[in-house]
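Only one structure is covered here, and it is reproduced in the block below.
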There are 2 protein chains.
Amino acid sequence: MEEIYLDNCSTTPLFTEVMEAMYKAQLQYGNPSSLHFKGIQAEKYVEEARKIIAGALKASPEEIIFTSGGTEANNLAIKGLAYRHYRKGSHLITTPVEHPSALNTFQQLQQEGFSVSYMRIDQDGYIDLDYLKTMLSNNTTLVSFIHVNNETGTIQNIKNICRMVKDFNPNILVHADGVQALGKIPLRPGQYNLDALTISAHKIHGPKGTGALWIKNGVLLQPLFQGGNQENNLRPGTENVAGITGFGKAVSEYINSYAGKVANLHRFKHLFFQELKEKVEVYINGPELKQGAPHIINLSFPGIKSEVLIRSLEEQGIYSSPGSACHSRNNQPSHVLVSLGLNKERIDGAVRFSFSVLNTEEEIEYSAKQVAHCVKDLQKLVF
Amino acid sequence: MEEIYLDNCSTTPLFTEVMEAMYKAQLQYGNPSSLHFKGIQAEKYVEEARKIIAGALKASPEEIIFTSGGTEANNLAIKGLAYRHYRKGSHLITTPVEHPSALNTFQQLQQEGFSVSYMRIDQDGYIDLDYLKTMLSNNTTLVSFIHVNNETGTIQNIKNICRMVKDFNPNILVHADGVQALGKIPLRPGQYNLDALTISAHKIHGPKGTGALWIKNGVLLQPLFQGGNQENNLRPGTENVAGITGFGKAVSEYINSYAGKVANLHRFKHLFFQELKEKVEVYINGPELKQGAPHIINLSFPGIKSEVLIRSLEEQGIYSSPGSACHSRNNQPSHVLVSLGLNKERIDGAVRFSFSVLNTEEEIEYSAKQVAHCVKDLQKLVF
């Protein structure tokens, strides 16, 4: 096998259909703000994608605001809600296991005078609901959390969280970062009683540089940018027509051609782990096999540093990731795994394998064998 | 002729080479933040584009921050500099003829407590330098203006403005919105003594959804987003690798294949106007023919409303724009033309024709004839 890409939480290969749809959209080069035919043609592409994405979330098209990606959507949701509803209160609640685009945004808001509290999470990464209940106050305006954790695959129970928060005070807004959830587990933000949900294209075989914020009809939001009146006055700037088209196409491909294959991901994860478990000592960082997201498994092997294993695997053409790619360029230990209370050896050894609907069973079996092989070889050097 | 696109200030058709480069970049789908080969491959695309664009500006690659477009780059420059240097002063200076992405950003900052002053401009759209001098104070931290006006083509003298401001106080920062300047007139931000310059890809046959801020080495800036440490910690979020590649390719195509054709734009503008002037009564809104940007001409014809003329031209397959596409969806008269002191009839009749290196002399001649023809026909109905 030439190359096996098991780093699909970082980013995914584009569906061929997405590339073709984007190429076609680029030929219709008008500016959607233009009043003439060229503009109207371009606008149709944007609105078609908006309908597809809204449909996939069982939402209304006007609830979708396109952004330049998940990072911007998280910033827009968190700052946009915190600023806009500041008069009602300045207390914000999040978790210590957020993606940096949420975590660092809360730290910025804290510097600006907001009060930020961090939920408790257990050793599998689940939010402690009883403790959350004690944190809510009359000054709380926003609760925000990552739906599917990008490092461990822990899936939070959105419904229960929303119910508890809204029971306390229906005016408290709830935002979820759904970047790793989209396409992997059902997402029905309206049914969950959420107020805002972040999604991104490049984690589901769409283009980099395009994401969206779903925002419940009627929920007020302060924009991050000022400019033209695109995206319902909430996100100015000439629309990335091709990127948005690609996002729409990725979602429709998921629904129409890959829906069945999402079930494979669960199977891949089990297969991968079972193959490994038979051959080497291995620990799961995060929730047990049955509970986590279908496409993510975070593993440690006694005595093996993640960088070393990842390099060995790369030599075999297998791509994986230490913790999360988003902080892989600094040398900090993963804040997520630290929050899980794992010991240093487990954290230093954590390797994330993440699967996609484009992986095959053969790839998974072969990779598991190679991982076991590398681990054994490396352990010989260590012990 | 089938279709003649003379709305190149709104957006431009992509160079075929750009589309191909983007397609190729999308096949290398890695996340530039990933440590493995796939990530390194993707990062190379981004850094190659950064070098090309920096080279075109005679700047250093580390001075280029990629953004989702001109709107974000203007917001990043204006807010990022205003917030970061707030302790030195809260007085900001701009013009009344900015693009909405700058003008509305200043209005937002004013609401947040900054003091914003607006320069005086003359009837051709030029900044009154003597008056600007009187506006500078010890509390001034930022002067920001549009280099080439997107509606009238007025070109500000950056060097003189920078010299005057820096003579008063070298710590006052100067930002220019160079979106309509890039590729049309030489841009040497370092030589001009600028601190920040906004540029955008889709006005030079690159993709929508990608822009950049050139920021002088050492100038401190507060980011708009928090997240990962991409773009030198100033603009987090997974890079739009294909978009950035397309931006780089558009710039290199301009330099390598179209440099000679930029001179055509001036010729097109003169030809277009001369053809019209021979046949109908016509007024230029903005600077005289020789002085404005090579690719923009804003015209009014007595008794003709812009919408009516634009529709008639569209029926002939000729695309033009009333004022600026960025506010073409609301019914406000152009704030730029109002600031020029033009009367209501001139403003109501203003049509912007904007050319590109992909237009041909035949298109220009044919369009001018068709415009004259439509104007005469419409005037029969009016008078």
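Quantities reported herein were computed from a predicted structural model and do not represent experimental measurements.
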Exercise. Please state whether the side chain, the backbone, both or neither of B/Thr67 comes within less than 4.5 Å of a heavy atom of chain A.
Key: neither
Quiz item: Are A/Glu20 and A/Lys249 ion-paired here, with the side-chain N under 4.0 Å from a carboxylate O?
Solution: no
Quiz item: Donor-acceptor pair, A/Lys203 side chain versus A/Cys9 backbone, under 3.5 Å?
Solution: yes
Self-check item: Among the listed options A/Gly211, A/Gly69, A/Gly243, A/Gly30, the residue most often paired with chain B at heavy-atom distances under 4.5 Å
Solution: A/Gly30
Quiz item: What part of B/Leu224 is in contact with chain A, defined as an atom under 4.5 angstrom from a non-hydrogen atom: side chain, backbone, both or neither?
Solution: both
Practice problem: Please confirm whether A/Tyr5 and B/Tyr29 have ring centers closer than 6.0 angstrom. | Solution: yes
Quiz item: Highest number of heavy-atom pairs under 4.5 Å with chain B: which of A/Leu313, A/Ile78, A/Thr12?
Solution: A/Thr12
Self-check item: Atom group of B/Glu239 that falls short of 4.5 Å from chain A, counting heavy atoms
Solution: backbone
Quiz prompt | chain A contacts, top residue of B/Thr105, B/Thr16, B/Leu14 (heavy-atom pairs, under 4.5 Å) | solution = B/Thr105
Exercise. Go through B/Asn75, B/Leu76, B/Val241 and name the one with the most non-hydrogen pairs under 4.5 angstrom from chain A.
Key: B/Asn75
Self-check item: Part of B/Glu314 lying under 4.5 Å from any heavy atom of chain A
Solution: side chain
Quiz item: Taking NZ, NE, NH1 and NH2 as the nitrogens, is one of them in B/Glu231 or B/Arg50 under 4.0 Å from a carboxylate oxygen of the other?
Solution: yes
Quiz item: Are any non-hydrogen side-chain atoms of A/Val357 and A/His205 less than 4.5 angstrom apart?
Solution: yes
